[in-house]
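What follows is a single structure, written as structure tokens, with notes after it.
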Number of protein chains: 2
Amino acid sequence: MPAKPKSADIAFRKHDHRRCQRQLMSAAKRLCEVRQLRLTSRRRQVLEILLASHRPMGAYDILAELNRGGAVDRIAPPIVYRALEFLVAEGLIHRIESRNAFICCIQPGHQNGAQFLICRDCERIAELENSDRSLLAEANSLGFEVDHSVVEITGLCAECQKHAG
Amino acid sequence: MPAKPKSADIAFRKHDHRRCQRQLMSAAKRLCEVRQLRLTSRRRQVLEILLASHRPMGAYDILAELNRGGAVDRIAPPIVYRALEFLVAEGLIHRIESRNAFICCIQPGHQNGAQFLICRDCERIAELENSDRSLLAEANSLGFEVDHSVVEITGLCAECQKHAG
DNA sequence: GGCATAATGTTATATTATAACGTAACCTAA
DNA sequence: TTAGGTTACGTTATAATATAACATTATGCC
């Protein structure tokens with residue numbers, strides 16, 4: 001079994017995307033089985049759309065994707081938002097607060113402490129493994145009980161620095 | 001001259017708020033002078049509204065505040081958003097991405113690397129001095145050039161933990 | 001099958017944000 | 001001092017994001 005690609009590689013370097021996609025979908029299915037949750041076809045559809053790109057998409061982009069192909073009965077925003085809510089809650093996707101967007105999670109099930117590098121140019125996002133504890137330590141020392149952390153670093157990825165000259 | 005209150009104290013403990021407010025407004029004026037920027041009356045109004053509470057406010061909350069007192073000609077959203085844009089750009093206030101809200105900055109002019117502890121119950125927000133460099137180091141090692149970082153930790157502050165019992 | 005629950009579908013509307021264009025204030029330099 | 005550039009403000013309209021409320025369908029379980 002080949003090594004799992006490092007997080008940043010997925011966003012900013014090459015990887016076997018087909019394979020990655022399949023693996024993440026399998027992982028999602030397994031995770032829902034274990035947790036006795038229903039990965040319904042809507043939820044799967046939305047996850048598939050996000051898995052297809054490793055890129056952040058707005059809820060309305062996903063909605064448009066679902067409505068592509070000109071079906072007569074177009075689905076409405078709440079359907080997408082509900083699927084997204086489920087997927088976020090289960091750690092299968094992340095919400096990128098500074099973009100009002102969603103991206104698939106490459107560590108399915110690890111709800112907490114994801115950190116993102118967001119390229120302002122190409123819009124790709126790398127999900128990093130959390131290394132730092134110092135902030136959480138500081139929170140603790142103030143008696144603050146942490147639920148959820150949002151860490152989003154915006155800048156220019158190596159690739160785009162070249163192009164930007 | 002008494003010690004400057006620590007960041008977290010401002011949000012979660014007692015401090016001389018009147019004094020703090022005056023100081024931050026003076027700092028803002030000085031900063032704009034130095035930078036040769038115009039702290040116009042609209043901008044000052046918006047900053048004052050944010051200084052009045054040390055709490056996050058939505059753009060439309062601020063708008064409502066500006067329109068209070070029943071003036072006939074009510075001002076419109078772009079005015080508020082423009083003032084907010086200016087104040088954010090100059091590091092006089094922060095945008096809290098996970099809340100679509102704005103809060104005054106207690107370290108005026110320090111644009112980068114603010115970190116926030118946000119209580120989900122009382123909605124108060126502590127602005128911490130940045131301690132951690134490990135994430136930025138990791139970004140560097142990937143050749144990622146950092147512009148701006150968003151760090152927002154949500155949870156329950158010490159006070160609210162007591163009440164929630 | 002009948003019932004409870006969970007998920008989806010539908011309609012309408014709330015909330016947040018910006019585009020586009022016109023007007024006023026301010027600066028400065030001949 | 002005033003013409004001309006620039007910056008900020010004002011106004012209108014609308015875009016983009018998100019949710020409330022309620023109806024319907026699917027699923028699991030006894």
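Just so we're on the same page: letters track the sequence lines, and every chain starts at 1.
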- [ ] State whether a side-chain donor-acceptor pair under 3.5 Å links A/Q45 with A/R42.
- [x] yes
- [ ] State which of D/dT19, D/dT11, C/dG9 makes the closest approach to the side chain of B/I79.
- [x] D/dT11
Task: Toward the 5' end of DNA chain C, by each residue's nearest nucleotide, B/N100 or A/T40 - done: A/T40
TODO: Provide, to the nearest angstrom, the distance between the CG atom belonging to B/L63 and the C1' atom belonging to D/dT11.
DONE: 13 Å
- [ ] Using the closest heavy atom to pick a nucleotide of DNA chain D for each, name whichever of B/R43 or B/P77 lands nearer the 5' end.
- [x] B/R43
Task: Derivation and outcome, salt bridge (charged side-chain N to carboxylate O under 4.0 Å, His left out), residues B/E123 and B/R99 - done: CA-CA 10 Å; B/E123 310 221 292; B/R99 297 284 174 130; 2.8 Å; yes
TODO: Figure out the CZ/P separation between A/R99 and D/dA18, and round it to whole Å.
DONE: 14 Å
- [ ] Measure up the B/H54 and B/H15 rings against each other and bin them: parallel (under 30°), tilted (30 to 60°), perpendicular (over 60°).
- [x] tilted
Task: Spacing between B/Q45 atom CD and D/dG10 atom P, to the nearest angstrom - done: 9 Å
Open item on the list: Is there a side-chain contact between B/R38 and the phosphate of C/dA25, meaning an N or O under 4.0 Å from OP1 or OP2?
Closed with: no
Task: Atom pair distance, as rounded to whole Å: CD in A/E97 and P in C/dT16 - done: 13 Å
Task: CA sep, side-chain torsions, deciding dist, call: B/E65, B/R68, salt bridge (charged side-chain N to carboxylate O under 4.0 Å, His left out) - done: CA-CA 5 Å; B/E65 200 61 29; B/R68 236 169 31 127; 3.3 Å; yes
Open item on the list: From CZ of A/R82 over to C1' of C/dT10, roughly how many Å is that when rounded to an integer?
Closed with: 9 Å
Open item on the list: Between D/dA20 and A/Y81, counting only base atoms on the nucleotide and side-chain atoms on the residue, is there a donor-acceptor pair under 3.5 Å?
Closed with: no
Task: Value in whole Å for how far the C1' atom of D/dT7 lies from CD of B/E90 - done: 14 Å
Task: base_contact_polar (C/dA14 base, B/Y60 side chain, donor-acceptor, <3.5 Å) - done: no
Open item on the list: Regarding B/R95, tell me which of base, sugar-phosphate or nothing describes its non-hydrogen contacts under 4.0 Å with the strands shown.
Closed with: sugar-phosphate
- [ ] Give the rounded distance in Å between these two atoms: CG of B/L84 and P of D/dA8.
- [x] 15 Å
- [ ] In whole angstrom, give the distance that lies between atom CZ of A/F102 and atom P of D/dT17.
- [x] 10 Å
TODO: Check each of A/R30, A/R35, A/R38, A/R43 against A/E90 using the salt bridge (charged side-chain N to carboxylate O under 4.0 Å, His left out) test, and report the only one that passes.
DONE: A/R35
Open item on the list: For C/dG9 and A/R42 - does any side-chain N or O of the residue sit under 4.0 Å from the phosphate oxygens OP1/OP2?
Closed with: yes
